[in-house]
Protein chains: 2
Amino acid sequence: MQLRMTNQREIILNELRKSRQHLTADELYGRVKKFMPRISLATVYRNLETLSEAGIIAKIEISGRQKRFDYDIEAHDHIFCVQCHRVDNISLERGLISVSSLSLPPKYQITGYRVEFSGICPPCQKKNRKAKDKKIS
Amino acid sequence: MQLRMTNQREIILNELRKSRQHLTADELYGRVKKFMPRISLATVYRNLETLSEAGIIAKIEISGRQKRFDYDIEAHDHIFCVQCHRVDNISLERGLISVSSLSLPPKYQITGYRVEFSGICPPCQKKNRKAKDKKIS
DNA sequence: CTTAGTGCAAACTGTTTGCAGAGGG
DNA sequence: CCCTCTGCAAACAGTTTGCACTAAG
């Protein structure tokens, strides 16, 4: 089963890459629709799945209800905003953590690990400051 | 708004604690129904939400589609099985990772982090071995 | 008594799937 | 031409919610 570079697939990939963000399927759907108004959400889902299986993009499972997709397939970690759920990359030294950091090693056959920071993103910090100012005045 | 210790709440809490596992809402529903056949799944969801808001249990967001709930509210990390999605505790030295481990520090106001190992759990390893043996013979 | 909690069904969100037709290679 | 991909609608899984009734304190 070989991949075809259809118009919709190309636009989806382009939009994800140029966004430089970690978008959900429906965020991407919104962007892609501007170029291709008749595209269906199912097509976006199917392509994101296909592209991530092919290793062209990465599917990331982060706290929150929706899956997000990453244009960057290098191993790296993420930080997400607890308020708006935006996700950004962080570069945490790989190798800092290893199986040997585990006391009480589980009898699992380890395949990997993920580190996920949480916090408040700059835009939300700004929003909070404004809201607070309003309250006071 | 104060908490009442209802019968259903007590059984849910008991079952989660005595399981020593990280159960999903419907796994717990199945267990609780044995004692209280007319309980509704919505009640289980509501109570898990309430109990975790009250800090009596912990809600954990791990890879996979369903949320799981943890009887242990101490800060600790998890490992999950990529095959059966079972979740277990791991003890990773807290303090190993800190904001200062981040090169290129994001401008986030950091609130925490989670580490999630993945692997194949002992029962699944066993299952795999059996399946393989069958194939060969 | 008061008001938090319950059971039920219906709504909702995010995602997947069956199908008939379109279009890439 | 073949077979992957598409749009559409319907199905699905997990979770939440409105409502009238129940029961904890």
Side-chain angles (χ1 to χ4, degrees), chain A residues 1-16 22-70 80 84-87, chain B residues 1-16 22-70 80 84-87:
Chain A
M1 172 170 152
Q2 65 165 21
L3 288 197
R4 285 179 185 172
M5 189 45 76
T6 60
N7 233 286
Q8 17 285 83
R9 187 161 292 166
E10 195 170 8
I11 295 182
I12 289 169
L13 188 52
N14 267 349
E15 283 303 300
L16 179 59
H22 303 74
L23 302 176
T24 60
D26 62 293
E27 282 167 351
L28 210 33
Y29 174 59
R31 294 177 185 224
V32 170
K33 250 198 315 199
K34 287 181 187 148
F35 300 89
M36 192 172 253
R38 304 198 44 96
I39 196 173
S40 99
L41 181 55
T43 299
V44 176
Y45 271 106
R46 272 187 289 231
N47 274 309
L48 289 172
E49 193 58 37
T50 308
L51 289 168
S52 66
E53 267 169 21
I56 297 167
I57 62 173
K59 175 158 45 165
I60 64 184
E61 312 239 20
I62 207 101
S63 296
R65 45 189 69 190
Q66 284 174 274
K67 279 174 195 147
R68 292 182 175 269
F69 294 85
D70 196 340
F80 76 98
C84 71
H85 296 119
R86 165 204 176 108
V87 173
Chain B
M1 176 171 149
Q2 63 166 22
L3 288 198
R4 286 178 187 172
M5 188 45 75
T6 60
N7 232 288
Q8 17 285 82
R9 186 163 293 166
E10 196 171 7
I11 295 181
I12 289 168
L13 188 53
N14 266 348
E15 283 303 301
L16 179 59
H22 303 75
L23 302 176
T24 61
D26 63 292
E27 282 167 351
L28 210 33
Y29 173 59
R31 293 178 187 225
V32 169
K33 250 199 312 201
K34 287 180 187 148
F35 299 89
M36 192 173 254
R38 304 197 45 97
I39 197 174
S40 99
L41 180 55
T43 298
V44 176
Y45 272 105
R46 273 187 288 231
N47 275 307
L48 288 172
E49 193 57 38
T50 308
L51 289 168
S52 66
E53 267 169 20
I56 297 167
I57 62 173
K59 174 159 47 166
I60 64 183
E61 313 238 21
I62 209 102
S63 297
R65 46 190 67 188
Q66 282 173 276
K67 279 173 196 147
R68 291 181 176 270
F69 295 84
D70 195 340
F80 76 98
C84 69
H85 296 121
R86 165 205 175 109
V87 174

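These values consider heavy atoms only, across backbone and side chains, with no hydrogens, waters or symmetry-generated copies. Order of the sequence lines fixes the chain letters, A, B, ..., with proteins taken first and strands second; residue numbering starts at 1 for each chain.
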* Asked: Hey, does the side chain of B/Q8 come within less than 4.0 Å of C/dG7's phosphate (OP1/OP2), counting only N and O?
  -> yes

* To do: Run the salt-bridge test on B/R68 and B/E27 with the 4.0 Å N-O cut-off and return the result as yes or no.
  => yes

* What parts of residues 54-69 of chain A reach DNA chain D, counting only heavy atoms under 4.0 Å away? -> none

* Hey, which sits more toward the 5' end of DNA chain D by its nearest nucleotide, B/T24 or B/N7? => B/T24

* Under 4.0 angstrom between A/Q2 side-chain N/O and D/dC3 OP1 or OP2 -> no

* Step by step, would you call A/Q66 with A/D26 a side chain to side chain contact (heavy atoms under 4.5 Å, CB included)? -> CA-CA 9 Å; A/Q66 284 174 274; A/D26 62 293; 2.5 Å; yes

* For the side chain of A/R4 and the base of D/dC3, is some donor closer than 3.5 Å to an acceptor across the two? -> yes

* Is there a side-chain polar atom (N or O) of B/T43 under 4.0 Å from OP1 or OP2 of C/dG7? -> yes

* Within the structure shown, what part of the strands sits under 4.0 Å from B/D26 by heavy-atom distance: base, sugar-phosphate, or nothing? -> nothing

Close N or O pairs between protein and nucleotides 17-20 of chain D (under 3.5 Å):
from: D/dG18; atom 1: O6; to: B/R46; atom 2: NH1; distance (Å): 3.3

* To do: Would you indicate, yes or no, if C/dT15 has its OP1 or OP2 atom less than 4.0 angstrom from a side-chain nitrogen or oxygen of A/Y45?
  => yes

* Are A/E15 and A/F35 close enough that some pair of their side-chain heavy atoms sits under 4.5 Å apart? -> yes

* To do: Assign A/L41 to base, sugar-phosphate, or nothing according to its heavy-atom contacts below 4.0 angstrom with the strands shown.
  => base

* **Gap between atom CD1 of A/I57 and atom CG of A/D70 - 0.5 Å precision** => 8.5 Å

* For the side chain of B/T43 and the backbone of B/I39, is there at least one donor-acceptor N/O pair under 3.5 Å apart? -> no

* Structure fact -> Separation between CD1 (B/I12) and CG (B/L51), nearest 0.5 Å, reads 7.0 Å

* Asked: Between B/T6 and C/dT6, does any side-chain N or O lie under 4.0 Å from OP1 or OP2?
  -> yes

* Assign B/E49 to base, sugar-phosphate, or nothing according to its heavy-atom contacts below 4.0 angstrom with the strands shown. => nothing

